[in-house]
Amino acid sequence: MAKEPKNYSRRDFLKTSGVAAGALIGGGIIGGLIGANANNTAAPGEAPATSEGGAAGGVRGLMFFKNDAEFQILAQATERIFPEDDLGPGAIGLGVPYFIDRQLAGAYGENSKEYMQGPFLEGEMTQGYQSRLKRNEMFRQGLQIMQQEAQSRFKANFVDLEGGQMDEILTAFQEDEIQMSGVNALFFFRLLRMATLEGAYADPIYGGNQNMEGWKMKGFPGHQAAYINDIESEDFVEIEPHSLGMQN
């Protein structure tokens with residue numbers, strides 16, 4: 001029997017991803033690379049600039065990706081997972097690709113805080129990380145396979161595909177229909193989706209959540225010093241979000 005199409009709205013997505021937002025915003029970030037380029041922006045719906053090109057708000061350099069073509073595949077894939085619409089910017093406008101680039105260059109991408117010695121046996125999905133590959137190796141392989149699938153299915157580059165065609169390839173990863181080496185496609189898709197959510201909702205100091213737009217869409221106040229002036233209020237209080245990188 002054919003599967004019924006699932007039509008989720010952006011509003012539904014923002015509601016159901018609330019658990020992720022609550023966990024990630026509070027400090028459970030996948031990497032820990034806090035540094036420069038935190039305040040540069042890219043126009044919503046527009047591929048972010050690399051160190052070789054300008055964008056609105058300035059130039060942002062890459063820390064892990066040396067191949068701009070791979071980075072643009074990442075940008076378009078994350079945008080399909082978290083698209084721009086009338087509620088706010090998508091992954092590209094939020095700087096999610098740069099967030100992921102930073103994480104892949106650091107402890108998260110290198111698995112530097114995890115046991116990575118053999119033996120390597122195929123485990124169950126409930127057993128957690130079982131691969132010999134580092135996360136940044138998984139991402140690089142996954143993006144290369146996205147390009148190969150685009151060429152094989154549609155005779156075009158992934159970044160030149162229509163949205164529905166990109167979705168077909170991403171769904172094939174999600175359904176574990178793509179063959180990968182050292183990791184299964186479903187595990188990689190889950191990494192990509194989680195990293196996209198983390199980039200959308202993490203504190204902007206990590207490189208994503210540009211202008212705290214991810215928080216604004218959820219009405220999340222960010223890192224406030226105290227709520228003593230509002231805690232007794234019986235009305236809903238809208239609070240301007242505050243980032244760790246902002247001066248008090």
Side-chain angles (χ1 to χ4, degrees), residues 6-31 34 37-50 54-60 71-103 159 161-164 166-167 170-171 174 189-224 230 235-246:
K6 297 180 180 180
N7 297 317
Y8 295 113
S9 69
R10 172 67 171 273
R11 191 175 299 277
D12 290 334
F13 176 80
L14 291 176
K15 288 180 179 178
T16 57
S17 61
V19 174
L24 304 175
I25 293 167
I29 313 304
I30 60 176
I34 304 175
N37 297 329
N39 297 317
N40 292 314
T41 60
E46 181 178 292
T50 67
V59 176
R60 301 188 69 175
F71 183 72
Q72 297 305 327
I73 294 172
L74 172 68
Q76 295 303 322
T78 58
E79 184 72 13
R80 296 309 301 171
I81 294 172
F82 198 100
E84 175 187 10
D85 67 5
D86 59 330
L87 295 179
I92 290 177
L94 290 169
V96 168
Y98 286 105
F99 169 86
I100 295 176
D101 173 70
R102 288 185 177 193
Q103 301 304 319
V159 296
L161 299 180
E162 297 178 356
M166 292 183 186
D167 291 346
L170 290 171
T171 299
Q174 185 178 22
F189 177 82
R190 288 177 173 175
L191 280 184
L192 175 62
R193 181 181 182 276
M194 181 57 68
T196 300
L197 290 175
E198 289 174 324
Y201 294 130
D203 191 289
I205 201 168
Y206 292 95
N209 190 12
Q210 295 264 105
N211 301 318
M212 297 176 286
E213 292 295 334
W215 290 351
K216 292 174 184 176
M217 284 188 280
K218 286 219 173 256
F220 182 77
H223 302 279
Q224 301 291 325
D230 304 308
D235 300 321
F236 179 79
V237 179
E238 293 188 11
I239 300 175
E240 191 70 20
H242 193 280
S243 165
L244 287 172
M246 297 171 64

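Predicted model only: the values in this text are computed from it and were never measured. Side chains included, hydrogens not; waters and symmetry mates left out as well; all remaining heavy atoms used. Quick note: residue numbers are just sequence positions, from 1.
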I92 and E79: which non-hydrogen atoms are nearest, and at how many Å?
N-OE1, 2.8 Å

Report the C-alpha distance between L192 and L74 in whole Å, list the side-chain angles of each, state the deciding distance to 0.1 Å, and finish with yes or no for side-chain contact (heavy atoms from CB on, under 4.5 Å).
CA-CA 9 Å; L192 175 62; L74 172 68; 3.9 Å; yes

Any idea which heavy atoms bring P97 and A91 closest together, and the distance?
CD-O, 3.5 Å

Smallest separation among heavy atoms of T196 and F82, with atom names
CG2-CB, 3.9 Å

Looking at CD1 of I73 and OG1 of T78, how far apart are the two atoms once the value is rounded to the nearest 0.5 Å?
12.0 Å

Identify the two heavy atoms, one from G245 and one from D203, that lie closest to each other, and give their separation to 0.1 Å.
N-OD1, 4.3 Å

Distance, nearest 0.5 Å, that separates CD1 of I205 from NE2 of H223
9.0 Å

Could you walk me through whether R193 and L197 satisfy the side-chain contact (heavy atoms from CB on, under 4.5 Å) test, starting with their C-alpha distance in whole Å, then the side-chain angles of each, then the deciding distance to 0.1 Å, before giving a yes or no?
CA-CA 6 Å; R193 181 181 182 276; L197 290 175; 3.5 Å; yes

Testing P241, P89, P221 one by one against K216 for a side-chain contact (heavy atoms from CB on, under 4.5 Å), which residue passes?
P241

For L161 and M166, the nearest pair of non-hydrogen atoms, with its separation, is O-CE, 3.5 Å

With rounding to the nearest 0.5 angstrom, report the CE to OH distance, M212 to Y201.
15.5 Å

Compare every heavy atom of W215 with every heavy atom of H242, then report the nearest pair and how far apart it is.
O-CZ3, 3.3 Å

Between D85 and L87 (side chain of the first, backbone of the second, donor and acceptor by atom type, cut-off under 3.5 Å), is there such a pair?
yes

Please check if the side chain of E198 supplies one atom and the backbone of V96 the other of a donor-acceptor pair under 3.5 Å.
no

